[in-house]
Each structure stands twice: as C-alpha cells, then as structure tokens.
Amino acid sequence: MADDSGQFRSATIAVLVENEAGVLARVIGLFSGRGYNIESLTVAPVDEDRRLSRITVVTSGTEMVIEQIKAQLDRLVPVHKVSDLSLAGPHLVRELALIKVVGSGDHRVEALRLADAFRARVVDATTESFVFEMTGNAEKIDAFCALMRPIGLAEVSRTGAVAIVRGSSALTVQSHNG
Amino acid sequence: MSATSPHAATQPLTMSGAEVVLRALKDQGVEVIFGYPGGAVLPIYDAIFQQNAIRHILVRHEQAAVHAAEGYARSTGKVGCVLVTSGPGATNAVTGLLDALMDSIPLVCLTGQVPTHLIGNDAFQEADTTGITRPATKHNYLVKRSEDVARVVHEAFHVARSGRPGPVVIDLPKDILINKAPYVEAPPATQPHRSYRPVTTPDMAQIRKAVALMKQAERPVIYAGGGVINSGPEASRLLGDFARLTGFPVTNTLMGLGAFPSQDPQFLGMLGMHGTYEANLVMHGCDVMLNMGARFDDRVTGKLSHFAPTAKKIHADIDPSSINKNVKVDVPIVGDAGQILAAMIQVWKEDSQPPMREALSAWWRQIDEWRGKNCLQYVQQGKIIKPQHAVKRLYEITRESGRETFITTEVGQHQMWAAQYFGFEKPNRWMTSGGLGTMGYGLPAAMGVQIAHPDALVIDIAGEASILMNIQEMATLCQYRLPVKVFILNNEYMGMVRQWQELLHGGRYSESYSAALPDFVKLAESFHGVGLRATEESQLDDVIREMLATDRPVIADICVAKDENCFPMIPSGAAHNEMILGPGQEGGVAGVTDEGKVLV
Ligand SMILES: Cc1ncc(C[n+]2csc(CCOP(=O)(O)OP(=O)(O)O)c2C)c(N)n1
Ligand SMILES: [Mg+2]
C-alpha cells in the first residue's frame, strides 16, 4: 500500500449498487483483500423496485488510502456511485442499537434514569431485565453502553452507521451520467 | 440494460441455453475457443459439434487454455475466449485468470456449473466458482435464469474489452445450458451500461496542465506501459509522434515493450529491476515524468521513498484506481492512452511556448554518457554459451529472416534476458507474464499466438524449469500442427531463484537445482515434434537456423552457462541509482536491508 505518511482520518462512504447476488461479497472482499479497515458496514435496498441497494461503510486510513478505497469501489461493475460523506459537507450519521441490561433493585432504577437522560426507549421489560432501543451516533451509543456496564449490561446489538447529507442535494443514480 | 426483447415471450423458444451461448459468442466476433470438456459443459460441446463458425482448440490443461487465450488476445487486440468444466476445470483456470487480471488482458471464460437445484449441496464437481474467481477477475457472473444467458454473454464481452481490459467469468449451471432460452442481440454500443461506465475521454484541462509542465521540462522522460498497447496500435503510433514532437527520451515497462520501437534513437530500453542503466538513471534524475499507461509497479519504482525524487509526475491511466495508488502524482489524467496522446499532440502544437531546447540537449548529453556504460554488454568467450548471447543471436537471426515474429516467455532470468536482448519494433509482438510472473505461461501463450497468426514465427523463450509446468501442451501443438518454437535457455537451475540465493542468502542453493531433467530432444520427439540441441557456441547459429527453418513444433535445448546472473539489477528495497551493473559489484547487495529482504 501507499507509502504516504499522512494523517489517519475516518471516512463515511455511501455506495449505491445494483441489488444483485454477490455484490456485498465483492465489496467486503475488496476491503479484506486489500487490507482496508471496515469499522462498520450496513446494506439494504433503497428504491421502490428493489434494484438498488445502498451500502454505508465507515472506514479509516490516510487520505491516499481513502482515495484508493473510493477508486477501487467505483471500479466494481455493479457499483453506480460512491460518495465520501465526510467530504460532501454536513451530514447526519445514525446508528440503531438494542441494549439488554439485566439486574435488580437499585440497578433497575438507575438504568431507567440513564435511559431517560439518553432518550433510550424501553422496548422490552421483565422483572430482571430491560431492552433499550436507542438511535444516535456511535459515540452516544458507546457512552450509554459504558454507563450501563457496571449496572448490568448483558448484550448489545448495533446496526452500524447509516448516513445522509444534509440539505436538498441527493445521491441518486439518475444524476450519474459520467 | 433492458432484459429480454418483447417478442421473446410470444415466440416459441427453439434454442437451448448452450446454443444461445454459442450464438452470442459468434455475434461477439469469437472465432476460436480454447477449452477442455467435462460433464457440466457437455451441452456446450454438443452445440460446438453442430456448428462451424467457431473453432475449438483442445488444450491439455485448463490453465493452458487461459494462457493460450491471453496470447491470442494480446497478439490480436481481440477478446480471448475459454471454456472449462465445473469444479477442477474451473479451479485449474484460476492462475490464468489472475494472470490476465494483473496484466489487463481481455478474456471471457465460460465455466460449467452443477445444475441450479444442486448448487450449495457439495454436488460432484461443484465449486463456488464465482466465489473463488471473484478476486481473480474483473467481473464474474453466475447465470441463474435462462432469459439472462444472452444478455450476460454480451455484457461479459463489453466488460472484458472496455476500460481497463480484464478477464470475466460466466458460470453456467448445466440446467441453464440444457433448457430452452431466448436469444437477444447485443445492446447497441450507444446504450450505456446501468452502472459500469469507464471514462475514456480525457479532461482537456488536465491535458493542458500536463503539456505546460512538459514544455518547461529540462530533464523529461516518457515512461510508457501496457496501457499504450491495450489502447491499440494507433496509440503506439501516436506515442512515436509525441516522442518525435517533444524530443523526449522514452523508456518502456516490461509490459510496454514494443509500444515504442527498440531501434529508435530516443529509446532508453526497459526500466526497472532489470532495466538499463540509462533508463533507471533517467527515471531517477528527471524533473518531469510522463507515465503513459503504466502503474508504478514495485518492480519499476524500487524503493518508493527514493523514487524519482525531483520529478513532477504526470500519470495517464484508464483506471482511476491506478492513480495515486503507489506514487502520489501531480497531474492525474484518466482516459484511454491513444486519446490522451492525440490530445497532448494537439495541445503541444497549439501552445506557443517553446520547449527548453538547450536544457534538453544537455539532458541528452548526460543520457549519452550513461549509455556509454554499455550496461548490457557481456563477454562471450570459449565454448560455453552465454544465455545473453543466445538471445542476442536469436534476435539477430530472426531479424535477418525478415519474418513477422512474436515472442512469448516463461518466467525467470531467461525472461529478463529476452526483454533486454530481443528488440521489438511494433506492439503486440511480445507476450510475457508481468504482474503475476507465472512460470508455465509462455508455451500455451505461444500456442494462442500461433492460432491467431498461422504464418508468423512464434517463439517461446523458456527456462528448463518453467517449461515443464505446461509441457503437456506440446501435444496440443502437434495435434493442430502449430509450428511454435520453444527456445530453452537451459542453465540447469531455477536461475532467478539461484541468483537471489547467491546474492541474498549466502549462496545456500536450497532446492533450486533442476535435477533429473528430461532429455528435451527426446521429449520433443515423443510428442511428435522436433528436438534440437546446442551445447557449444559454435553450434548455436546452426541450431537457431534449423529451428527457424522447421515447419513443425520444435524444442531447441540451448545448454547455457549455469551460473550467469542477470544484470543490471536494482536489489529489492534499493533506489534506481543504487543499481548493480555486473559481476564484481555484488557487494552492492550487502547494503540490502532486512526491509529490502522481505520484498519479493
Ligand atoms: C508458478 C511459479 N512458481 C514459482 C515461481 C518462482 N520462480 C520465479 S523464477 C523461478 C525459476 C525459473 O527457472 P527457469 O524456468 O529455469 O528459468 P531461469 O531463471 O533459469 O532462466 C521460480 C521458481 C514462479 N514465478 N511461478
Ligand atoms: Mg533455468
């Protein structure tokens, strides 16, 4: 890989792809085969007739590596469009987490108090457990989990980041006429 | 891309999937398929039997089918076509596919697959072919619906030949081949693919920036690679025009040999690990570098942090991911080499600023001084044939013959000597495994070249170790009366391995001696070919002449010096100006650091 001594940065990259068999394997194989980081990756179809999927991948590297990741992604045949949201301007990043906390007595009270402060919703409850649902950026979820750990954090399921640019500009296939 | 044509549903289907495949191949201009049969592809073999438009060449190993298609493709500029069965047929093809990917050779490889209802069941001869070949191809397809067969074949050819060319696999389950399928024509060239649209036309603003830089260059160089050859012969012609217009020196990569005439006074020879002294020092000392269709491979750059330290770099490539991958450049240009060269010529002529004539003359004086080192000289003395001399004589005698000549190689020292001592005046005459370095490439590649050019002289410059990796193809050569010449530089060693062991591993020659070699003369005869041998210098020319005069497959066993090393050499991890020129200077490798030793 490139011998550049640049700073590491994190990048949130949105990739519009044909929704066809093997496309996710191509993207993941590209990252593992070339030794790029994947911090998180999400994928789902995003158009009416389910022909297009949007992959959001959070990665990190030097500027040269991130440029290389984008160029390599763009080269895949079923890839329509690659957008580096970190460069595209202000953008929203959200992740959904389901967080199970197990405990009794004061711990339950404390768990509910913290959940309230973090705007996490109770989506399941038993006499010795809660499942909280929360959305936010990764740091917020990390912070919530860290606080819950001494109280009885038992299990975490997270989606990984999805992201979109603020304002009226939109990432679509139609605008891709290159 | 639209799916089936509107009448496909209403008309009764008359063709099987296999027949649709063949029809699509024919419409794509395929004349030859290199292949090997098996259960999963029997329907295609049945369809081949019942037509005459496409010729099938039966190889003896699937790897050879792919290399043959590579030789065919690289010598014609067309897409090579391969047909193999499922499971072991497909896995045997993988080396060839990766070879084609690394060297940007357009291929379409059809692989058989178990019927769709058995996929995933570990059925007999099942392999996850699309999974295995995903990182070894430009793209691949598993066809799961009969209505997709024709569309996928057309698309595969488009993907293989456009943009940066490469191999494409189409995995065809047997039920898809047997069931009836609709035929659809290839979409018109004007209809863009839904998602794949490579850029071929360069951005003129970038061209102008590049020309402005070049006009001010005092120590320029043009470093041209395989991209010029892939663009077609016109690009090589334009490269010549541009070089004459600018007066700049030109060097070629291993893959680019032939893109610029070797006899041209502006040619510096090949650059890189075994490139010429002058080419590498020009690269090191230049102030403006134009990289035309090459990819700053580690074999070319040497130590990256010391690569062309004073140069402003212009990089023209059809693949945006090649730009700024290894080397940060100042002016990137994405597009087809031919179009870029044409644009540069136009802008250079329009631009009123004169080039730096005086500085250029000084640069050429410096270059001539470096040339004066005569870095490729060797001493042929006594009876023992020097391998360099064998290649040089082969070159001179074939040139005297005036015949159209194509050279392929295996991998090792002989490959480098071929690159150094055989001159090419035109593109598409030189086929070698550059990126992957695949021993066993040369013989099947030569076979593919000879199929495409039946009357030409096709020579595989080989090593005695490499040739054994696909020697079975002698049978194919004899079956189809392909008069390929195998010119073995037999040093009884895996010479390139031996050289590295000598220079970097204290002369411990671990497993690099070619013990128990066959008698290559008898081997040729046993395949119904002709065997020749030269053991002394005095026999060399006669053997070469007899080889050229023989209209049958020939193996010429040229017994050469056993311990010759290939020079010049930039030791791994070293910079261009730290080149070793010849024996006696091996001390230069003492400076190879552990960092250098980990490199291959
Ligand atoms: C398939 C494969 N296996 C191993 C190698 C590593 N390798 C590179 S050169 C070489 C020796 C080749 O020997 P020979 O064909 O006799 O050529 P020479 O160097 O002697 O000219 C080997 C083993 C390779 N390039 N390809
Ligand atoms: Mg040898």
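Since we're looking at a predicted model, the values are computed, not measured. Sequence lines set the chain letters: A, B, ... in the order given, protein chains first and strands last, and positions in each chain run from 1.
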Under the rule for ring-ring contact (aromatic ring centres under 6.0 Å, His included), what residues qualify as partners of B/Phe296, not counting sequence neighbours? B/Tyr223, B/Phe307, B/His315
Please round to the nearest 0.5 Å and tell me the distance separating atom CZ of B/Arg194 and atom CG of A/Leu52. 6.0 Å
Per-residue contact mode, B/Ile323 against chain A (heavy atom under 4.5 angstrom): backbone
At what distance, to the nearest 0.5 angstrom, does CD1 of A/Ile28 lie from CZ of B/Arg134? 10.0 Å
One option among A/Glu18, A/Glu67, A/Arg26 has the most heavy-atom pairs under 4.5 Å with chain B, and it is A/Arg26
Does the pair B/Arg164 and A/Arg75 meet the rule for a side-chain contact (heavy atoms from CB on, under 4.5 Å), with working shown? CA-CA 10 Å; B/Arg164 177 174 177 178; A/Arg75 197 160 83 116; 3.8 Å; yes
Measuring heavy-atom distances to chain A, does B/Asp298 have an atom under 4.5 Å in its side chain, in its backbone, in both, or in neither? neither
Please find the pair of heavy atoms, one from A/Pro78 and one from B/Ser195, that lie closest to each other, and give the distance. CA-OG, 3.4 Å
Taking heavy atoms only and a threshold strictly under 4.5 Å, list by residue number the residues of residues 120-130 of chain A that touch chain B; give 'none' if the list is empty. none
Short question: side chain of A/Gln68, backbone of B/Ser321 - any donor-acceptor pair under 3.5 Å? yes
Looking at B/Lys209, I'd like to know if its NZ atom is crowded, meaning that more than 12 non-hydrogen atoms belonging to other residues, nucleotides or ligands lie closer than 6.0 Å. no
Counting heavy-atom pairs closer than 4.5 Å to chain A, which one of B/Thr130, B/Asp319, B/Val159 comes out on top? B/Asp319
Might you confirm whether atom CG of A/Asp106 has over 12 heavy atoms from other residues, nucleotides or ligands at distances under 6.0 Å? no
Can you tell me how far apart CZ (B/Arg197) and NE2 (A/His80) are? Round to the nearest 0.5 Å. 8.0 Å
A/Lys70 atom NZ, neighbour heavy-atom count above 12 within 6.0 Å: yes
